[in-house]
Participant: 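Below you will find the structure I want to go over with you.
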Protein chains: 2
Amino acid sequence: MVEMRRPTMTDVAREVGVTAKTVSRVLNDDGPVAVETRERVMAAVRKLGYQPNLMARNMRVGARDAAIGLVIPEMGNPFFGTVAGGIESAVRARGLTLIVGSSSETPELEQSLIAAFLARRVSALMIVPSAASDHRHLRSERVAGLPIVFLDRPAVGLTADSVVSANRAGARSGVAHLISYGHRRIGFVGDVPAALYTRRERFQGYRDALEAAGLPFDRTLVDTGHDADAAAQATLRLLALPAPPTALFAGNNLAAMGAVVALAKSGRKEVALVGFDDLPLAEVLDPPLTVVAQDPEAIGVAAAERVLLRLDGDRSRARGTLVPTRLIVRGSGEQPPRG
Amino acid sequence: MVEMRRPTMTDVAREVGVTAKTVSRVLNDDGPVAVETRERVMAAVRKLGYQPNLMARNMRVGARDAAIGLVIPEMGNPFFGTVAGGIESAVRARGLTLIVGSSSETPELEQSLIAAFLARRVSALMIVPSAASDHRHLRSERVAGLPIVFLDRPAVGLTADSVVSANRAGARSGVAHLISYGHRRIGFVGDVPAALYTRRERFQGYRDALEAAGLPFDRTLVDTGHDADAAAQATLRLLALPAPPTALFAGNNLAAMGAVVALAKSGRKEVALVGFDDLPLAEVLDPPLTVVAQDPEAIGVAAAERVLLRLDGDRSRARGTLVPTRLIVRGSGEQPPRG
DNA sequence: TTGTATGCGTTATCAG
DNA sequence: CTGATAACGCATACAA
């Protein structure tokens with residue numbers, strides 16, 4: 001089978017017997033074109049199956065690619081998927097498409113993805129930074145006017161727009177909720193590395209709540225795991241302490257899943273639990289899981305709106321947007337202390 | 001602040017005192033370049049913060065964009081997110097990036113996304129078709145040699161590669177499992193529209209299993225809902241029948257979630273249940289949910305491998321790949337008939 | 001209403 | 001080893 005060359009504007013023009021410029025005029029509703037010419041051009045476009053070449057067009061007009069480059073840690077995580085969905089729905093009306101890459105939480109991949117996006121001349125960059133990355137190298141892009149927004153976690157070494165959950169306030173409210181039900185020994189199941197921004201903030205919220213209630217901070221009540229299984233192990237360790245916690249606060253959704261599994265399998269469902277970040281099926285669990293819910297879609301939408309403002313010429317100073325969390329009371333967090 | 005023009009190859013060349021072509025040679029490891037010249041070029045590249053312009057390069061070499069356009073129904077759905085992750089990890093080594101758009105399950109958006117991808121001259125197209133769409137318009141692209149793979153559901157009106165779950169066989173095995181535990185009245189909770197490929201296939205698998213066991217097909221035992229809430233309603237309707245089913249087969253993950261919620265809230269946990277597609281936390285449910293699990297990552301990887309073969313020149317006829325499912329036994333599907 | 005000349009940033013070709 | 005020139009597909013500026 002012959003590998004056919006794709007028809008160009010010139011091919012269409014030749015077919016009709018006009019110049020490429022005339023075809024261009026028709027396609028872009030530019031200058032005036034005779035009605036008949038327009039129709040013949042359109043006919044030729046259909047006949048040849050002509051598809052305009054965006055790359056060539058963008059280059060000529062000196063415009064950037066009508067795309068937004070998005071870097072997320074992993075595709076399969078519904079949190080980031082929903083963020084991406086929020087972004088896409090908010091920018092669709094502007095004709096912007098989304099180019100997504102996942103960094104697997106490694107700075108190297110993140111950087112190479114960013115470089116690929118820059119080489120494509122994307123109109124804006126949206127980044128969920130991986131744990132150990134640094135963003136100084138993006139300074140020149142910022143001064144060149146490229147909109148850059150950081151999601152879920154702020155930039156490191158760079159002043160830039162960011163949109164994150166109200167992690168600290170949310171965690172504080174979740175832990176305060178447990179305290180209001182009488183708990184005085186509350187365990188914290190977090191993720192690793194402890195240096196991760198969200199982990200740090202939520203941990204601070206946990207301590208804020210303890211302090212506000214006049215409760216002592218006991219570091220033996222803090223344990224971690226990097227996935228659900230490890231979080232389950234951490235939960236079991238906490239429950240095995242000489243003076244075990246009567247309630248647990250899980251610092252993210254994987255930690256919450258791990259804690260739920262551990263409590264269920266060890267028959268310790270009387271231990272109160274509040275998770276950070278909502279889970280599907282949380283309401284069907286036994287007991288139904290009380291959570292501090294994030295709003296990933298709102299994060300995506302807020303970030304998109306910021307980018308659109310920047311694209312419209314807003315040159316005001318970088319702003320950090322805090323997306324509120326919401327305590328969803330379902331049962332697991334309202335169990336009183338026992339044992 | 002001055003909106004600085006981005007440095008071009010010519011800028012770098014001028015800085016060094018050479019021609020653009022020499023810079024090009026350095027950057028692409030093309031022809032021979034004096035060691036000293038190479039070093040001076042690299043220095044200038046760093047100094048000016050030069051980023052090659054992929055659009056210009058692609059245009060000149062006549063190559064397609066090193067990107068794969070992926071159309072999925074929705075971003076937030078972890079199934080599609082995981083598929084995308086599988087694709088990305090499989091094509092990363094080839095330097096291909098992923099451009100993703102969501103169609104919201106509408107043919108119009110799907111088509112406009114495809115057009116946008118074609119205008120960008122992507123190297124390949126991967127499509128999860130929305131329910132009512134038709135793909136005849138892609139015929140010319142296929143003959144032009146553009147690799148196109150359909151995911152999760154096959155193409156309509158077009159012969160093309162596809163990678164889908166073994167829906168029919170999987171559903172059959174799930175229903176057969178229920179039958180093997182003594183159930184003779186098994187309800188089917190499906191999604192709408194009933195014309196959807198996956199729905200049709202899984203429903204056929206359900207009927208296959210009944211027939212193989214010599215059980216009659218009773219259409220009153222079939223009900224549907226387009227989301228979890230509607231599926232919960234459908235479940236309640238089935239349970240309220242004069243002769244209610246003793247077991248349920250849920251045709252997808254939303255249907256399964258709805259069924260789980262309905263059974264839990266109505267206190268009918270003794271009704272056996274098998275879902276198609278796995279759910280997070282399925283093992284912690286009461287009873288733990290038995291499912292026919294799909295392998296979204298494997299679907300993505302298989303599709304990516306097919307695309308890579310096509311890009312390497314494989315012109316053999318279109319192939320349909322079936323990705324096997326796996327029955328995961330957890331408890332809900334092993335409850336005997338009661339009542 | 002339409003055409004001509006020119007250039008976007010890059011690379012292929014052929015000289016030097 | 002390096003440079004000059006043309007060309008990729010398209011749109012801008014101006015002329016006809």
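The structure presented is a predicted model; accordingly, all values stated were derived computationally and were not measured. Just so it is clear, the values below take in all heavy atoms, side chains as well, and ignore hydrogens, waters and symmetry mates. Labels below follow one simple rule: chain letters A, B, ... track the order of the sequence lines, proteins then strands, and each chain is numbered from 1.
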Participant: What's the spacing between B/Arg142 CZ and B/Leu125 CG if we round to 0.5 Å?
Facilitator: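 That separation rounds to 11.5 Å.
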Participant: Return the residues of residues 46-65 of chain B meeting this criterion: a heavy atom under 4.0 Å from some atom of DNA chain C. Order them by number, or give none.
Facilitator: B/Tyr50, B/Pro52, B/Asn53, B/Ala56, B/Arg57, B/Met59, B/Arg60, B/Val61
Participant: What pairs meet the side chain to side chain donor-acceptor pair (under 3.5 Å) rule with one or both residues in residues 71-83 of chain A, with sequence neighbours excluded?
Facilitator: none
Participant: What residues, two or more places apart in sequence or in another chain, satisfy salt bridge (Lys or Arg N to Asp or Glu O under 4.0 Å) together with B/Arg57?
Facilitator: none
Participant: May I have the distance from A/Arg120 (atom CZ) to C/dG9 (atom P), rounded to whole angstrom?
Facilitator: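 Whole-Å distance recorded here is 19 Å.
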Participant: Under the rule for salt bridge (Lys or Arg N to Asp or Glu O under 4.0 Å), what residues qualify as partners of A/Asp65, not counting sequence neighbours?
Facilitator: B/Arg120
Participant: Side-chain polar contacts of residues 85-95 of chain A - donor-acceptor pairs under 3.5 angstrom, sequence neighbours left out - could you list them?
Facilitator:
residue, atom, partner, partner atom, Å
A/Glu88, OE1, B/Ser102, N, 3.4
A/Glu88, OE1, B/Ser102, OG, 2.4
A/Glu88, OE2, B/Ser102, N, 2.8
A/Ser89, OG, A/Gly85, O, 3.3
A/Ser89, OG, A/Gly86, O, 3.1
A/Arg92, NH1, B/Ser102, O, 3.2
A/Arg94, NH2, A/Asp312, OD1, 2.6
A/Arg94, NH2, A/Asp312, OD2, 3.4

Participant: According to salt bridge (Lys or Arg N to Asp or Glu O under 4.0 Å), who are the partners of A/Arg306, at least two apart in sequence or on a separate chain?
Facilitator: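 Partners of A/Arg306 by the salt bridge (Lys or Arg N to Asp or Glu O under 4.0 Å) criterion, ordered by chain and then number, come out as A/Asp161.
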Participant: Salt bridge between A/Arg6 and B/Glu141, side-chain N to carboxylate O under 4.0 Å?
Facilitator: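 Yes, A/Arg6 and B/Glu141 are salt-bridged.
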Participant: What N/O pairs connect the protein and nucleotides 14-16 of chain C at under 3.5 Å? Give each pair on its own line.
Facilitator:
none

Participant: Would you name the heavy atoms of B/Leu113 and B/Gly101 that are closest together and state the gap between them?
Facilitator: CD1-C, 3.6 Å
Participant: Would you compute the distance between atom CG of A/Leu158 and atom CD1 of A/Ile148 and round it to the nearest 0.5 angstrom?
Facilitator: 6.0 Å
Participant: Okay, side chain of B/Arg64, backbone of B/Val122: is any donor-acceptor separation there less than 3.5 Å?
Facilitator: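 Looks like yes, one N/O pair under 3.5 Å.
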Participant: What range of DNA chain D does chain B touch, first nucleotide to last, counting atoms under 4.0 Å from its heavy atoms?
Facilitator: D/dC1 to D/dG9
Participant: Name every donor-acceptor pair, under 3.5 Å, that has one atom in a side chain of residues 35-51 of chain A and the other anywhere in the protein, sequence neighbours excluded.
Facilitator:
residue, atom, partner, partner atom, Å
A/Arg38, NH2, A/Asp29, OD1, 3.1
A/Arg40, NH2, A/Val16, O, 2.6
A/Lys47, NZ, A/Glu15, OE2, 2.5

Participant: Would you jot down, in residue-number order, the residues of residues 10-20 of chain B having a non-hydrogen atom under 4.0 Å from DNA chain D?
Facilitator: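 The stretch gives B/Gly17, B/Val18, B/Thr19 as the residues lying under 4.0 Å from the strand, ordered by number.
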Participant: Quick one: on DNA chain D, does B/Thr22 or A/Met9 contact a more 5' nucleotide (nearest heavy atom)?
Facilitator: B/Thr22
Participant: Let me confirm one number: the CD1-CG distance from A/Ile68 to A/Leu96, rounded to the nearest 0.5 Å.
Facilitator: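 These two atoms lie 5.0 Å from each other.
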Participant: Applying salt bridge (Lys or Arg N to Asp or Glu O under 4.0 Å), can you list everything that pairs with B/Asp30, at least two apart in sequence or on another chain?
Facilitator: B/Lys21
Participant: Does any part of the side chain of A/Val164, heavy atoms only, come nearer than 4.5 Å to the side chain of A/Leu151, both counted from C-beta?
Facilitator: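 A/Leu151 vs A/Val164: side chains apart.
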Participant: Would you tell me whether B/His135 and B/Gln111 have side-chain atoms, one donor and one acceptor, within less than 3.5 Å of each other?
Facilitator: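 No - no donor-acceptor pair under 3.5 Å links their side chains.
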Participant: Have a look at the helix from C/dT1-D/dA16 to C/dG16-D/dC1 and give the angle its two end axes make, five pairs each, rounded to 10 degrees.
Facilitator: 40°
